[in-house]
Amino acid sequence: MATILRKIAEQVLSRTTFSNLAMDRARDAAVDTIGCMIAGGSNESVAALTRAFDGEIAGGGQARLVTGGSASPSLAALVNATAAHALDFDDNFHPARAHASAVLVPALLAVLTCGKATSGRRFLEAYLTGLEAQAAVGFGVNPSHYNRGWHATSTVGSIGAAAGVARLLGGDEERLAAAMSLATSFASGPKGQFGTTAKPLHAGIAARNAVDAARMALAGLSGRLDILERPQGFLDLFGGDDAKGWEGLTFTAEHIIESRGVVTKRHPCCASTHRAIDALLDLKQEHGLLAGDIARIETKVGISAARNLAYPEPTDEMQARFSMPYCLATAFLKGALSLSDFTRPEIERPEIRQFMPCIEMQSYSEEEERGVERLPHLITVTTRDGRIVSKSRLHAKGSLEAPMSVHEREVKFMDCLRWGNRHASGAVFLQLRTLADSENLSGDDPFWSLIADRQSP
């Protein structure tokens, strides 16, 4: 009987053609991630990484860095993926419970080494391979794995991304399966690190692991190909009490990006806040609510979301991204959230701090969640004159069910460019959207000047 890793490798390599829809969505995810990577390039977590590896970052490395200079593919994946996730503005992928693109895109970019060109289409095909592999790995262990406390970006993301990198490097079915097996040995990342600079580092570690595992596999290293399902394997050790395994895993002709999509973030903070933020903004608009009207705001979220949001009174910008009171208060008072709202001066603004105590959060019970993949997040507002208005959101803005327009994507990308100290030109966005048409992507291609060359605004 074929192992799960062989089944996944066979499936992803059997896809030799992709629909225009799948390619367009892959391109959108790549462009969005590049924007997030540029914005996060000046974050302190990334600055600390470049200081840590200062002696290994120079002009003579094989792979380009978003911070400037170059390094080994492994180190470039670590730095660039940490940058992509540093501001928590990168997309979510529900089938894997992971920030899939923040791992995949930097890992794939890291192996576009100088002098080794590939086409934009092959790059996006490798992205779709890694995404489908992440979904398949996540199928057997989530949501139990994630709810248990594992950051699936760093576990499931690492394993699935290794398949994408191996495909881009020309690996066959055997090498793809070997790459995923090796990446399983690298997988780690506790959610207890949320709200610290270790959290974006998880994406960097996963991307580095994917690159290293794929390169090792193509050089002949391998591990057990039943490592997902065997005793003392991934499911056994990481699955959690309710993990179902892969017995029911099936694949359809439609790619997972067509049926489920990735969720492009509208707000630069933990996705566990997004549906509540969207619901609150809906209520504000529908009922003309003002700050002086509000007596209490109650929100009900999933158990894992409540655990993720561990900072009711944040003391720095990273904690603020994982604080429901801060995110809701800021969104309500300002009408939107932007990157500039997550800075030290902003999080101490008196009007926000004074509004936060009226916000309460509770979670669903285990019984309510049992057997249900997804429950809506609820917002209930009580006004000072006794009115009570409520709103639920099952899907956040940016999901397949509530997609962002091309214009909204461009606005977000421009915000990322400005934050990353680049010229905020719409031409850059339009050029990156032609990614699939490029015939010559490489580490020394002009494509990289859009990403790595810092400019004065």
Heavy-atom pair with the smallest gap, counting every atom of [X] and [Y]:
{"X": "Leu75", "Y": "Leu65", "value": "O-CD2, 4.5 Å"}
{"X": "Ser45", "Y": "Ala86", "value": "OG-CB, 3.8 Å"}
{"X": "Cys327", "Y": "Thr273", "value": "SG-CG2, 4.2 Å"}
{"X": "Ile57", "Y": "Ala71", "value": "CG1-CB, 4.3 Å"}
{"X": "Ala161", "Y": "Val103", "value": "CB-CG1, 3.7 Å"}
{"X": "His377", "Y": "Ala305", "value": "CE1-CB, 4.0 Å"}

Any Lys/Arg nitrogen of [X] or [Y] sitting under 4.0 Å from an Asp/Glu carboxylate oxygen of the other?
{"X": "Asp32", "Y": "Lys265", "result": "no"}
{"X": "Arg6", "Y": "Glu174", "result": "no"}
{"X": "Glu44", "Y": "Arg51", "result": "yes"}
{"X": "Asp88", "Y": "Lys199", "result": "yes"}
{"X": "Glu408", "Y": "Lys412", "result": "no"}
{"X": "Arg27", "Y": "Asp24", "result": "yes"}
{"X": "Glu317", "Y": "Arg344", "result": "yes"}

Within 45° cone of Phe139 ring axis and under 6.0 Å: Lys244 NZ or CZ: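 So Lys244 does make the cation-pi contact.
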Does Ile38 form a side chain to side chain contact (heavy atoms under 4.5 Å, CB included) with Cys416? I'd like the steps, not just the answer. CA-CA 7 Å; Ile38 290 170; Cys416 288; 5.6 Å; no
Determine, stepwise, if the pair Ser185 / Leu182 fulfils side chain to side chain contact (heavy atoms under 4.5 Å, CB included). CA-CA 5 Å; Ser185 288; Leu182 293 172; 5.8 Å; no
Can you establish whether the number of heavy atoms outside Arg15 located under 6.0 Å from its atom CZ is more than 12?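 Counting other residues, nucleotides and ligands, CZ of Arg15 exceeds 12 neighbours.
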Answer yes or no: are there more than 12 heavy-atom neighbours, outside Glu286 itself, under 6.0 Å from its atom CD?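 Correct, the count exceeds 12.
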Distance only, no hydrogens: is a donor on one side chain within 3.5 Å (strictly under) of an acceptor on the other, for [X] and [Y]?
{"X": "His407", "Y": "Ser405", "value": "no"}
{"X": "Tyr146", "Y": "Asn308", "value": "yes"}
{"X": "Thr155", "Y": "His145", "value": "yes"}
{"X": "Arg374", "Y": "His94", "value": "yes"}
{"X": "Asp278", "Y": "His267", "value": "yes"}
{"X": "Ser72", "Y": "Ser74", "value": "no"}

Sequence-distant partners of Val262, side-chain contact (heavy atoms from CB on, under 4.5 Å), two or more places apart: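 Once residues adjacent in sequence are excluded, the partners of Val262 under the side-chain contact (heavy atoms from CB on, under 4.5 Å) criterion are Ala29, Asp91, Phe93, Tyr127, Leu131.
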Those residues that, when tested against Ala126, pass side-chain contact (heavy atoms from CB on, under 4.5 Å) (two or more places apart):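 In terms of side-chain contact (heavy atoms from CB on, under 4.5 Å), with neighbours along the sequence ignored, Ala126 is linked to Leu108, Leu168.
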Side-chain donor/acceptor of [X] to backbone N/O of [Y], under 3.5 Å:
{"X": "Arg97", "Y": "Ala152", "value": "no"}
{"X": "Ser438", "Y": "Gly120", "value": "no"}
{"X": "Arg266", "Y": "Lys397", "value": "no"}
{"X": "Thr67", "Y": "Gly41", "value": "no"}

Would you give the length of the straight line joining atom [atom1] of [X] to atom [atom2] of [Y], rounded to the nearest 0.5 angstrom?
{"X": "Ser338", "Y": "Glu346", "atom1": "OG", "atom2": "CD", "value": "8.0 Å"}
{"X": "Thr184", "Y": "Phe238", "atom1": "OG1", "atom2": "CZ", "value": "9.0 Å"}
{"X": "Ser323", "Y": "Ile347", "atom1": "OG", "atom2": "CD1", "value": "9.0 Å"}
{"X": "Leu400", "Y": "Arg25", "atom1": "CG", "atom2": "CZ", "value": "4.5 Å"}

Tell me whether the centres of the aromatic rings in Phe342 and Phe89 are closer together than 6.0 Å.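 No - the distance between ring centres of Phe342 and Phe89 does not fall below the 6.0 Å cut-off.
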Can you list the residues that meet the ring pair (Phe, Tyr, Trp, His ring centres under 6.0 Å) rule with Phe322, with sequence neighbours excluded?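 Residues passing ring pair (Phe, Tyr, Trp, His ring centres under 6.0 Å) with Phe322: Phe194.
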Given Glu125 and Phe18, is the side chain to side chain contact (heavy atoms under 4.5 Å, CB included) satisfied, shown in steps? CA-CA 8 Å; Glu125 289 172 351; Phe18 295 88; 3.5 Å; yes
